[in-house]
2 protein chains.
Amino acid sequence: MTSQIPEVVILRLPLYLRILTLLEEENAGVVSSQELGARLQMTPAQIRKDLSYFGKFGKQGKGYNVRLLLGELRQILGVNREWHMAIIGVGRLGKAILDYGMLTPRGFKIVAAFDIDPQQTGKKVGRVVIQDLAELANTVKNRGIDIGIVAVPPSQAQQAIDCLVGCGIKAILNYAPVAPRVPKDVRIQEVDPVLALQTMTYHLKSLGSP
Amino acid sequence: MTSQIPEVVILRLPLYLRILTLLEEENAGVVSSQELGARLQMTPAQIRKDLSYFGKFGKQGKGYNVRLLLGELRQILGVNREWHMAIIGVGRLGKAILDYGMLTPRGFKIVAAFDIDPQQTGKKVGRVVIQDLAELANTVKNRGIDIGIVAVPPSQAQQAIDCLVGCGIKAILNYAPVAPRVPKDVRIQEVDPVLALQTMTYHLKSLGSP
DNA sequence: CTGTGTGAAACATTTCACAGCC
DNA sequence: GGCTGTGAAATGTTTCACACAG
């Protein structure tokens, strides 16, 4: 009964969600896999197959109803609700993440901030008051925190991660450029622009000037 | 003669580079694929196979010399030099990227900043003076810019990207949550924490409380 | 006639397992 | 004995091509 959806498919769903959101803003009523493929630079067949893992959302001869598919994808990804997050590390990077306006409107709200430095405790950043890391466990329970964000220097990253894991957090967004170790029931996603840059330089390197 | 290295392998090389950098800081002289696998949560066989596409860097019975392998990987990825980047968009996000201390020490230097808003032109952010977008082509040539960073609002992203492409840029780091269109000889990498969060909520969703 | 949904074929990637070297 | 490098097997993913619905 485990239909076993490939992980690569899950990685692409947010891309579909993003483009459909843009299409809805453009008031597109219907879209074909052809058109989605052109916009996302991928084959129509792949899009159809990906979506078919979750149901039959299209109409033959017509395509997909944008609003309907958007709703389905939101449901599938679980983004038809608000998720609460806590951030650890309120240095420059942490402040920038708190200040980044794209999270809350997309359903991801940072409701608590922590720092190891006791000097920071009690200060306010945006809407949240910086707390001592010792209070994490309580706050996770009281405020219903689902996701942790790690924005501390590399040397403190594993400690912060262990702390989140110890509090029962099962999903972590990690900005520290380290190779963290987590139990296998905990998801961790790396955000490191340098990794992305390095894959590009690999290709740039072998590029003669035209 | 095209040995054709799988793209997934290229995506993993920066992870190897990152862990080896940490290992060198810990003064590890030698490391086995076993140990790398444990640290990166992947199989030793995969690491050995990945590296074997580029040469024989290990010693049987011993493992890989950390410093040597680090040097090889830097060479392969093309990060044994400094890369020059230009950023477009100097709002909150753009300022945060300019302020992010992890780029320069890892060989990626932002040497120019641009904004569409003429009000911004001439102001200084960190070490760079904000220029008008019209000057992009000249600056790309004069300052030897290899990579563009897009940090404008979604509605202006495609315009910024077209501008970079028009100036001959072949690699773009895109922070705007859009589905950009670029010619196929241009690499573009998305940086969007929301995409990462959404793949995690997919898995969180189907997680009963224990 | 257009465009979806989908088995089956083609292709890509990972894992296995072992020869060979330190 | 321990560990790499690597063909070959196993597994996973994408593309094809077509029946069928609007």
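Per chain, numbering begins at 1; letters A, B, ... match sequence-line order.
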Under 4.0 Å from OP1 or OP2 of [N]: is there any side-chain N or O of [X] that close?
X	N	result
K59(A)	dT2(C)	no
S33(B)	dC3(D)	no
K56(A)	dA21(D)	no
Y64(A)	dT2(C)	no

Using a strict cut-off of less than 4.0 Å between a Lys/Arg side-chain nitrogen and an Asp/Glu carboxylate oxygen, indicate whether [X] and [Y] qualify as a salt bridge.
X	Y	value
D192(A)	R18(B)	yes
K205(A)	D146(B)	no
E26(A)	R39(A)	yes

Can you tell me the distance, in whole Å, between the [atom1] atom of [X] and the [atom2] atom of [N]?
X	N	atom1	atom2	result
L51(B)	dT14(C)	CG	P	13 Å
I5(A)	dG12(D)	CD1	C1'	15 Å
Q4(B)	dT13(C)	CD	P	9 Å
K49(B)	dG5(D)	NZ	P	12 Å
Q60(A)	dA17(D)	CD	C1'	16 Å
Y16(A)	dT4(C)	OH	P	13 Å
E35(A)	dT4(C)	CD	C1'	15 Å
R48(A)	dC20(D)	CZ	P	16 Å

A45(B) has a side chain; which of dT13(C), dT14(D), dC16(C) sits nearest to it?
-> dC16(C)

With respect to the side chain of Y53(A), which nucleotide from dT14(C), dG20(C), dT14(D) is positioned closest?
-> dT14(D)

Decide side-chain contact (heavy atoms from CB on, under 4.5 Å) for D185(B) and K170(B); before the verdict, give the C-alpha distance in whole Å, the side-chain angles of both, and the deciding distance to 0.1 Å.
-> CA-CA 7 Å; D185(B) 66 329; K170(B) 298 291 181 213; 2.9 Å; yes

If each of G61(A) and G63(B) is mapped to the nucleotide of DNA chain D with the nearest heavy atom, which maps nearer the 5' terminus, i.e. the 5' end?
-> G63(B)

Determine, stepwise, if the pair D50(A) / Q46(A) fulfils side chain to side chain donor-acceptor pair (under 3.5 Å).
-> CA-CA 6 Å; D50(A) 283 359; Q46(A) 180 160 69; 5.1 Å; no

